[in-house]
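For reference, the structure is listed below as structure tokens.
Since the model is a prediction, treat every value here as computed from it, not as a measurement. In this chain, numbering begins with 1 at the start of the sequence shown. FYI, side chains are in, hydrogens and waters are out, and symmetry mates aren't considered; it's all heavy atoms of this structure.
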Amino acid sequence: MEKLVYLLFGEDDPSAGDVRRERLLTDTAPRLAAAGARGIGVNVHDAAAAEAPPPVPTPEGEAPLVAEISVWLDCYDHRAPVEAALAELDERSAGYLVVESLYEDYGTTPHAGRRDWPDGARSPGVLTVSLIHRPQGLDYATWIERWHGTQSPLSGELQPRCRYVRNEVVRSLTDGAPEVHGIVEEAWPSARHVADPMLFFSAGEDPAVLDDHVRRMLESVERCLDLSRLRNVTMSEYLVLTS
């Protein structure tokens, strides 16, 4: 089974996001299931997600990421009906074949219990979805070692993360898809945990601890990410089809 991720770019107004969410869940998702999807995930920037500002806002004048649709198929060659369903949305999209690593899931960290909500329901808290790039001049093996071996465990130590999904991009699937090397999904207990630096960096209201955690985080991400190309958006998570 292979995982495909499709990104939508467009208007980031929260009310438009609510309309987009309903269309994705009530129209697009059933069509994806009918097309043979073994699994479906829908993440969308809507009014609920907008309560938390993105840690890395989209630069002015650039179309922001507004939704992420994940689809699991037996073989990515059979994706035509999936892309036909997404084309009906009439929004700019980009598709990628990825390798998924479920590094942390609900119930595996101290910050959330095991998942107890049904498919199709909104997950508690808020999600951040990040588009990342390997720094120019950094070889692939070193990049993976730093991202997987250092940044993944360090961020789990320093932040109250509930779920962490790494998607390493294998190749783009759609014409004109922007270059992306990784797509990262991180779930947080609440919008406040993203908006408040003391909570986001598990500082316990201690400015000295906050400074130390921010310093350690920046030192790590600067070694494995091209920060000038980093894009990050808050979203509501819907695990639509998981079994």
Inset, instruction - Side-chain contact test, heavy atoms from C-beta onward, threshold under 4.5 Å: evaluate it for P189 versus P124 and give yes or no. - result: no
Inset, instruction - Determine whether W72 and Y6 fall in the same hydrophobic cluster, where Ile, Leu, Val, Met, Phe, Trp and Tyr are linked whenever their side-chain heavy atoms lie under 4.5 Å apart. - result: no
Legend entry - Hydrophobic cluster membership, L89 vs V5, 4.5 Å side-chain cutoff: no
Inset, instruction - For the residue pair S123 and Y106, establish whether any side-chain heavy-atom pair is separated by less than 4.5 Å. - result: yes
Legend entry - Minimum side-chain heavy-atom gap R231-S130 below 4.5 Å: no
Legend entry - Note, L65 side chain near H45 side chain (heavy atom, < 4.5 Å): no
Inset, instruction - Could you tell me the separation between the CG atom of L131 and the OH atom of Y96, rounded to the nearest 0.5 Å? - result: 7.5 Å
Legend entry - ILVMFWY cluster, V56 and I132 together (side-chain gap under 4.5 Å): yes
Inset, instruction - To the nearest 0.5 angstrom, please state how far the OH atom of Y164 sits from the OG atom of S155. - result: 5.0 Å
Inset, instruction - Under the salt bridge (Lys or Arg N to Asp or Glu O under 4.0 Å) rule, collect the residues that match up with R38, sequence neighbours excluded. - result: D74
Inset, instruction - Find out whether H213 and E157 are in side-chain contact, i.e. whether some heavy atom of one side chain is under 4.5 Å from a heavy atom of the other. - result: no
Inset, instruction - Taking the six-membered ring of F9 (Phe, Tyr or Trp), confirm whether the NZ or CZ of R92 is under 6.0 Å from its centre and within 45° of its axis. - result: yes
Inset, instruction - Kindly indicate whether the side chain of L73, heavy atoms from C-beta on, has any atom under 4.5 Å from the side chain of V82. - result: yes
Inset, instruction - Output yes when a side-chain donor or acceptor of R115 lies under 3.5 Å from a complementary backbone atom of W117, and no otherwise. - result: yes
Legend entry - Side-chain donor or acceptor of R20 paired with backbone N/O of L24 under 3.5 Å: no
Legend entry - Donor-acceptor contact below 3.5 Å, side chain R216 vs main chain D211: no
Inset, instruction - Answer with yes or no whether the hydrophobic clustering places V221 together with V194; edges join I, L, V, M, F, W, Y residues whose side-chain heavy atoms lie under 4.5 Å apart. - result: yes
Inset, instruction - Verify, without hydrogens or angle tests, whether W143 (side chain) and C224 (backbone) share a donor-acceptor contact under 3.5 angstrom. - result: yes
Legend entry - Validation row: V165, V184 side chains within 4.5 angstrom (heavy atoms): no
Legend entry - Cluster overlap V233 with V180, hydrophobic side-chain contacts below 4.5 Å: yes
Legend entry - Value rounded to 0.5 Å, distance of CG in N167 from CG in L102: 10.0 Å
Inset, instruction - Rounded to the nearest 0.5 Å, what's the gap from CG on D46 to CG on D18? Could you check? - result: 5.0 Å
Legend entry - Identified side-chain hydrogen bond (donor to acceptor under 3.5 Å, both in side chains) counterpart of E104 within the set R163, R161, H111: R161
